[in-house]
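Contents: one structure, followed by commentary.
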Amino acid sequence: MADQNLKPELFELNNGTMRVLITNLGCTITSLSVPDKDGKLADVVLGFDSLEPYLCGMKIMVLNICGHKGFDKKVWEATNITKGENPSITFKYHSSDGEEGYPGDVSVTAIYTLTSSTTMRLDMEAVPNKPTPISLAQHTYWNLAGHNSGNILDHSIQIRANHVTPVDQNAIPTGEIMPVKGTPFDFTAEKRIGESIHEVGLGYDHNYVLDCGEEKAGLKHAAKVKDPSSCRILNLWSNAPGMQFYTGNYVNGVVGKGGAVYGKHAGLCLETQGFPNAINQPNFPSIVVQPGEKYQHTMLFEFSVE
């Protein structure tokens, strides 16, 4: 039930070191530029040059926040835009009772803030007036060597998870919580993404149980990604119980920014979230939010070089 007069626009957050472009269409990050080991900026987000492909639903990729099906296709209201050292923008959306079959009116906000020279914070909140399942996820496709640099198989990743939630033939979690030790899903120590990817079918697309990361300021360390060519690092912190690690398995010949052609494994997604299928699995943490409660999900993206 968004205001029909809202139009898709592009907004910039820029603190002089990093530059982020975000559209109010699905709160999608279309570009994020950070320096490499030599101070050279590169855009590390896969995407398109204009908003047209996003409007047409060309989403290789869903580069957005989505929870209830379809939030990524909605035009959100952009408010509280601030500039300066810690620029910030707030997006708001009101989902009415029955939208996409979900109960209750839900007021949703997503706040992007550049909290330091190379750190971006995303705070997502949702308040329902009836009990309703809510799990918002941020689906940006990252390639730390640059969006147009090829695949991410040489990136290394450490995921702070001793367990995954295995899926059935329809990619729905079965309810099992499986140890990763001794399997190709084990990223408890930093490991090249391409090392065991051939052992997991098309690639990784699995929910990791974030159960072994250190904490700071109420957030758990979820993952550390490193690109060997640029020496760029992304450390992700979150308060969510799970993280979907996805390696762009279905990306195929998509023409993106600057004419770059994105192929299989051109980017990776780190989507902190409630466990998929939690609504049907009583042993998974509940994703139902009650009236009077507030859903709160924070992601902190810390970029650096090493």
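For reference, positions follow the sequence shown, starting with 1.
- Other residues, nucleotides and ligands place more than 12 heavy atoms under 6.0 Å from the NZ atom of Lys37.
- Of all the heavy atoms in Gly213 and Lys220, the pair that sits closest is O-CG, 4.5 Å.
- No donor-acceptor distance shorter than 3.5 angstrom exists from the side chain of Gln138 to the backbone of Glu271, with no hydrogens or angles considered.
- At least one side-chain heavy atom of Arg160 sits less than 4.5 Å from a side-chain heavy atom of Glu214.
- Note that NE2 of His139 is 10.0 Å distant from OG1 of Thr28, once rounded to the nearest 0.5 Å.
- One finds the CZ atom of Phe91 at 11.0 Å from the CD atom of Glu77 (value rounded to the nearest 0.5 Å).
- Residues Glu302 and Thr119 have side chains in contact (heavy-atom distance under 4.5 Å, counting atoms from C-beta outward).
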request  = Test side-chain contact (heavy atoms from CB on, under 4.5 Å) on Met178 and His206 and set out the steps.
outcome  = CA-CA 12 Å; Met178 181 186 88; His206 297 80; over 6 Å; no
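- Val164 and Ile287 fall into different hydrophobic clusters, where Ile, Leu, Val, Met, Phe, Trp and Tyr are joined by side-chain heavy atoms under 4.5 Å apart, directly or via other members.
- Val34 and Met18 get closest at one heavy-atom pair: CG1-CB, 3.8 Å.
- Shortest non-hydrogen contact noted between Ser31 and Asp43 is OG-OD2, 3.0 Å.
- Considering only residues two or more places apart in sequence or on other chains, Thr30 meets the side chain to side chain donor-acceptor pair (under 3.5 Å) condition with none of them.
- By the 4.5 Å heavy-atom criterion applied to side chains, Val108 and Met124 are not counted as neighbours.
- With a 4.5 Å cut-off on side-chain heavy atoms, Ile111 and Ser88 count as touching.
- A donor-acceptor pair under 3.5 Å links the side-chain atoms of Asn249 to the main chain of Tyr204, judged by distance alone.
- Going from atom CG of Asn162 over to atom CG of Leu210 covers 10.5 Å, rounded to the nearest 0.5 Å.
- Between Phe301 and Trp142, the ring-plane angle classifies as tilted under the 30° and 60° cut-offs.
- In summary, of the residues considered (Thr23, Leu55, Asn24), a side-chain contact (heavy atoms from CB on, under 4.5 Å) with Val75 occurs for Asn24 alone.
- For the pair Phe185/Ile159, no side-chain contact is recorded, criterion being any heavy-atom separation below 4.5 Å from C-beta on.
- Annotation: the span from Lys191 atom NZ to Ser196 atom OG amounts to 3.5 Å, rounded to 0.5 Å.
- Looking only at distances, no side-chain donor or acceptor of Asp227 sits under 3.5 Å from a matching main-chain atom of His155.
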For this session: Could you walk me through whether Asn148 and Lys257 pass side-chain contact (heavy atoms from CB on, under 4.5 Å), step by step?
Result: CA-CA 8 Å; Asn148 56 351; Lys257 288 180 278 197; over 6 Å; no
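- In this structure, the side chains of Ser238 and Met243 stay at 4.5 Å or more apart for every pair of heavy atoms.
- Remark: side-chain polar atoms of Asn252 are not paired, donor with acceptor, to backbone N or O of Gly263 under 3.5 angstrom.
- Note: the hydrophobic cluster containing Ile197 also contains Ile157 (ILVMFWY, side chain heavy atoms under 4.5 Å, direct or indirect links).
- A distance of 12.5 Å separates CG in Asp154 from CG in Leu144, rounded to the nearest 0.5 Å.
- The two atoms that bring Phe11 and Ala78 nearest to each other are CZ-CB, 3.5 Å, heavy atoms only.
- At least one donor-acceptor pair under 3.5 Å links the side chain of Asn86 to the backbone N or O of Leu114.
- Residues satisfying the side chain to side chain donor-acceptor pair (under 3.5 Å) test with Gln296, not counting sequence neighbours, are Glu125.
- Linking ILVMFWY residues whenever their side-chain heavy atoms come closer than 4.5 Å, directly or via other members, leaves Leu236 and Phe275 in distinct clusters.
- Classified by interplanar angle (parallel below 30°, tilted 30° to 60°, perpendicular above 60°), the ring pair Phe245/Phe187 is perpendicular.
- Checking side-chain atoms of Asp168 against main-chain N and O of Asn170 turns up a donor-acceptor pair under 3.5 Å.
- Classified by interplanar angle (parallel below 30°, tilted 30° to 60°, perpendicular above 60°), the ring pair His297/Tyr295 is perpendicular.
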Intermediate values then yes/no, side-chain hydrogen bond (donor to acceptor under 3.5 Å, both in side chains), Thr298 and Asp123: CA-CA 5 Å; Thr298 294; Asp123 292 291; 2.7 Å; yes
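- For Lys83 (side chain) and Asn14 (main-chain N/O), no donor-acceptor pair under 3.5 Å exists by modelled atom type.
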| message | Under the criterion side-chain hydrogen bond (donor to acceptor under 3.5 Å, both in side chains), I'd like the reasoning laid out for Tyr141 against His147: C-alpha separation, chi angles, the key distance, then a yes or no. | response | CA-CA 9 Å; Tyr141 278 62; His147 76 96; over 6 Å; no
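- Under a cut-off of 6.0 angstrom, the local environment of CD in Glu85 is sparse, with at most 12 non-hydrogen atoms contributed by other residues, nucleotides or ligands.
- Closest approach of Gly203 to His265, counting heavy atoms only: CA-CE1, 4.4 Å.
- Tracing side-chain contacts under 4.5 Å through hydrophobic residues (I, L, V, M, F, W, Y), one never reaches Leu300 starting from Ile89; they form parts of separate clusters.
- Criterion: ILVMFWY side-chain heavy atoms under 4.5 Å apart, direct or through other members. Under it, Leu270 and Met120 are part of a common hydrophobic cluster.
- Remark: the backbone N or O of Ser116 is paired with a side-chain donor or acceptor of Asn15 at under 3.5 angstrom.
- Between Val44 and Asn143, the closest side-chain pair of non-hydrogen atoms is not below 4.5 Å.
- Residues Leu21 and Glu12 are in side-chain contact: their nearest non-hydrogen atoms beyond the backbone lie under 4.5 Å apart.
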Before giving the answer on side-chain contact (heavy atoms from CB on, under 4.5 Å), spell out for Ile29 and Ile22 the whole-Å C-alpha distance, their side-chain angles and the decisive distance to 0.1 Å.
CA-CA 4 Å; Ile29 297 175; Ile22 310 166; 4.3 Å; yes
- Dump the intermediate steps for salt bridge (charged side-chain N to carboxylate O under 4.0 Å, His left out) on Lys226 and Glu306, then the final yes or no. CA-CA 8 Å; Lys226 180 176 182 180; Glu306 190 177 90; 3.5 Å; yes
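- The shortest heavy-atom contact between Thr17 and Ser117 is CB-O, 3.4 Å.
- For the side chain to side chain donor-acceptor pair (under 3.5 Å) with Gln244, the lone residue among Thr165, Thr272, Asp205 that qualifies is Asp205.
- No side-chain donor-acceptor contact under 3.5 Å links Thr90 to the backbone of Thr109.
- Side-chain N or O atoms of Trp76 include one that pairs as donor or acceptor with a backbone N or O of Phe71 at under 3.5 Å.
- Interatomic distance, NE2 of His198 versus CG of Leu153, reported as 11.5 Å (0.5 Å rounding).
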